[in-house]
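Scroll down for the structure; my scribbles are underneath it.
Below, all heavy atoms of this structure are taken into account, side chains as well, without hydrogens, waters or symmetry copies.
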Amino acid sequence: MLGRFGRVLSGYTPLVYLAFVMVFVVWLVLYRTKLGLYIRVTGEKPEAAEALGIPTALMQHIASLLCGVLAGLAGAHLSLGYITMFAENMSSGRGFMAVAVLIFSNGDPLKVLLGCRLFGFSDAASLRLQTFGFPSYIVLMVPYLVTLGALFALTYRQRPKVIRETLESLSLLRRT
């Protein structure tokens, strides 16, 4: 009845749909609520948060609890929805890709979504490459090569700034 649109949306576990909804919920909480402001300030400048009277330890505990809940949902999806059983080393390095997404997205939930889609696409592309007869050890490298490429592209843009700041700090050290 829904045609192509229905086929795109069907066949996923409820946690997949919840994940897409949670991206926008997390964005709303982080950027449109007082709690989100307090969490961001505490994460970036805890000294400034304390000076403003924000309970930094409480905010850190709240952020850790929320992180744990979301990580638990991801683990539940991985073991129950994606693989359908627990297997040792089932994440197979996807944590590295998740850290890379956080680095280049700078913690913005919408950019995290786009980065996860990029790495998910590269993971799916590696599975499709197996049908063309490429060796499995090369095919399994594709998502990690995309991850390293994204990190290299990010640091390549920032490299002149980092070099300049390093040279400035070295010259300050020599003067003292």
Subject >> Under 3.5 Å: donor-acceptor pair, side chain of R40, backbone of L30 >> reply: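 Yes; at least one donor-acceptor contact below 3.5 Å.
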
Heavy-atom distance under 4.5 Å between the side chains of [X] and [Y], does that happen here?
X: Y31; Y: D108; result: yes
X: K111; Y: N106; result: no
X: M97; Y: D123; result: no
X: L18; Y: T13; result: no

**OP:** Go through L28 and T33 one step at a time and tell me if the side-chain contact (heavy atoms from CB on, under 4.5 Å) criterion holds.
**Re:** CA-CA 7 Å; L28 284 171; T33 65; 6.0 Å; no

Could you report the tightest heavy-atom contact between [X] and [Y], atom names first, then the distance?
X: I39; Y: A63; result: CG2-CB, 4.2 Å
X: A49; Y: T42; result: CB-OG1, 3.9 Å
X: A150; Y: F119; result: CB-CZ, 4.2 Å
X: P46; Y: T56; result: O-CG2, 3.6 Å

Original post:
Just one of L114, V112, L113, L118 clears the side chain to side chain contact (heavy atoms under 4.5 Å, CB included) bar with C116, so which one?
Top reply: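 Exactly one candidate clears the test, V112.
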
Taking atom [atom1] of [X] and atom [atom2] of [Y], what is their separation to the nearest 0.5 Å?
X: T147; Y: I103; atom1: OG1; atom2: CD1; answer: 10.5 Å
X: I54; Y: K34; atom1: CD1; atom2: NZ; answer: 9.0 Å
X: S136; Y: L129; atom1: OG; atom2: CG; answer: 12.0 Å
X: M59; Y: L37; atom1: CE; atom2: CG; answer: 10.5 Å
X: L127; Y: S122; atom1: CG; atom2: OG; answer: 10.0 Å

Please check if [X] and [Y] belong to a single hydrophobic cluster, counting links between Ile, Leu, Val, Met, Phe, Trp and Tyr side chain heavy atoms closer than 4.5 Å.
X: L148; Y: V101; value: yes
X: L35; Y: V23; value: yes
X: L78; Y: L140; value: no
X: Y137; Y: V142; value: no
X: L65; Y: V29; value: no

**OP:** Start with the C-alpha gap between L110 and F24, add the side-chain angles, then the distance that decides, and say whether side-chain contact (heavy atoms from CB on, under 4.5 Å) holds.
**Re:** CA-CA 8 Å; L110 299 176; F24 297 105; 3.5 Å; yes

Subject >> Residues, nucleotides or ligands: over 12 heavy atoms within 6.0 Å of F121 CZ >> reply: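 Counting neighbours around CZ of F121, 12 or fewer heavy atoms of other residues, nucleotides or ligands fall under 6.0 Å, so no.
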
Subject >> Within 6.0 Å of CZ in F96, more than 12 heavy atoms from elsewhere >> reply: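 Enclosed.
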
**OP:** Determine the interplanar angle of the F134 and F132 rings, folded into 0 to 90°, and report it as parallel if under 30°, tilted if 30 to 60°, perpendicular if over 60°.
**Re:**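 Ring orientation of F134 relative to F132: perpendicular.
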
